[in-house]
Amino acid sequence: METGEVNFERIAQGLVVLSSLLVLGSLITTGVHVHQYLQNWTQPKIQILVIRVLALIPIWALLALLNVGLPQLRYFVGIFLDLYEGFAILSFMQLIYTYLGGKDQARWKASGKHPYRCFGCCCLLIPGEKMMKVSFYSKFFLIYLFIYLFMNLISFRSFML
Amino acid sequence: MIYQYVLTRPLFALLTCIVYYSGVQQKHGIFNGDYIGLTLTVGVLLCLMIAMWGLMQVYRIFSLILKPNNIGSKFLAIKCYIFIHAVQGFVFAALESRVDEDKTLMVVRVEYTLVCLEMFLGALLNKYVFFHYNEYIDHENEDLMEKIRLESRTYGNTSNDPLDPEQ
């Protein structure tokens, strides 16, 4: 190796060691945390959902470590990362509904709230409704926003190239 | 609004996997002249924006009702994990298209080392801030248990189990 040349292999090894230590740390911390939950297992229905959300950390950490070691597999491993992300969101929403006493209770509690406007007064959101009611003009606004963002991205891309 | 992200996110990941491994897209990254990677990334980001907005509205509606359950910090945690993961993926995908082909893998390694670091910090934050187990402690019974323990020590019964029904 010539002087001044960057040795990527050694950097890669260093990154693998560093990530292994970080993953070990996150595994231990989450393990201790889950153990504390198990020591105070007073609301099993809620705590099991919290633990499912907490499990996101070790699972993502382990999959990230796999990506550091084998970066060629990143697109394949990415599917599992995203699958658990979806599962964690589902568990989190279930946790909120459990706190509120079920989906029907949640809808009933939300229906007591006043409707309000968001997205620059374009969307009227009615709490308690199954679907958000979107006014006719706001649909045009959303389509415009999508095209505007997409055009901006294209111009940003040409700027980068 | 939120549930669509549960389905679309893995679906976009699967599409990306198929596109890259089948050889449809040769180059890595998103700003490299191929529109497939860019379109998939824009799709993910749009779905993410809608899901984040949905989560925000749920918090806005139920924040007062759920205040005793300390839900604000939990919302913050879940939003941080999802948002940082997506934005970091976007930034590094943009970076991948800027570097040479031989350095692409190094960029991926750095990206996921950062994810490991974030997960470690996330585990610490979960433990002490976001999902603290304090709200699940049965305080009434804990006081009772402590009282029994103290009494048994006072009367010299330390070697015996204070909760033994025969005593």
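So you know, we letter chains A, B, ... as the sequences are listed, proteins then strands, and number each from 1.
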[options]: which one forms the most heavy-atom pairs within less than 4.5 Å of chain A?
| options | answer |
| --- | --- |
| B:Gly89, B:Gly122, B:Pro10 | B:Pro10 |
| B:Leu11, B:Val108, B:Ile2, B:Thr16 | B:Val108 |
| B:Tyr21, B:Tyr3, B:Phe130 | B:Tyr21 |
| B:Leu121, B:Val115, B:Leu114, B:Leu14 | B:Leu14 |

Contact part of [X] toward chain A, heavy-atom cut-off under 4.5 Å: side chain, backbone, both or neither?
| X | value |
| --- | --- |
| B:Leu55 | side chain |
| B:Val6 | both |
| B:Ile65 | side chain |
| B:Leu66 | side chain |
| B:Lys103 | side chain |
| B:Val58 | side chain |

* Excluding sequence neighbours, so at least two apart, what forms side chain to side chain donor-acceptor pair (under 3.5 Å) with B:Tyr5? -> A:Glu85, B:Arg9
* **Contacts of A:Tyr37 that satisfy side chain to side chain donor-acceptor pair (under 3.5 Å) - sequence neighbours left out** => none
Which atoms of [X] are under 4.5 Å from chain B, going by heavy atoms: the side chain, the backbone, both sets, or neither?
| X | result |
| --- | --- |
| A:Val34 | neither |
| A:Gln47 | side chain |
| A:Leu18 | side chain |

* Among A:Ile57, A:Thr29, A:Leu54, A:Thr30, find the one that has a side-chain contact (heavy atoms from CB on, under 4.5 Å) with B:Lys127. => A:Thr29
* Structure fact -> The reported gap from CG in B:Leu95 to CZ in B:Phe90 (rounded to nearest 0.5 angstrom) is 11.5 Å
* Which distance, rounded to the nearest 0.5 Å, do you find between the NZ of A:Lys45 and the CG of A:Leu95? -> 11.5 Å
* **Cluster check B:Ile50, B:Met52: I/L/V/M/F/W/Y, side chain < 4.5 angstrom** => yes
* Does one hydrophobic cluster hold both A:Leu66 and A:Val17, with members joined at side-chain heavy-atom distances below 4.5 Å? -> no
* How about A:Phe92 and B:Phe75: are their ring centroids closer than 6.0 Å? -> yes
* Could you tell me whether a side-chain N or O of A:Arg10 sits under 3.5 Å from a main-chain N or O of A:Asn7, the two making a donor and an acceptor? => no
* Asked: Do any N or O atoms from the side chain of A:Trp60 and from the backbone of B:Met119 form a donor-acceptor pair under 3.5 angstrom?
  -> no
I'd like a table of donor-acceptor pairs (distance under 3.5 Å, sequence neighbours excluded) in which one partner is a side-chain atom from residues 20-28 of chain A, with atom names and distances.
| residue | atom | partner | partner atom | Å |
| --- | --- | --- | --- | --- |
| A:Ser20 | OG | A:Val16 | O | 2.6 |
| A:Ser26 | OG | A:Leu22 | O | 3.3 |
| A:Ser26 | OG | A:Val23 | O | 2.8 |

* Would B:Ile71 and B:Phe62 satisfy side chain to side chain contact (heavy atoms under 4.5 Å, CB included), going step by step from the backbone distance to the final call? -> CA-CA 9 Å; B:Ile71 204 74; B:Phe62 295 118; over 6 Å; no
* Do any of residues 77-87 of chain B have a heavy atom less than 4.5 Å from a heavy atom of chain A, and if so, which, in residue order? -> B:Ile78, B:Tyr81, B:Ile82, B:His85
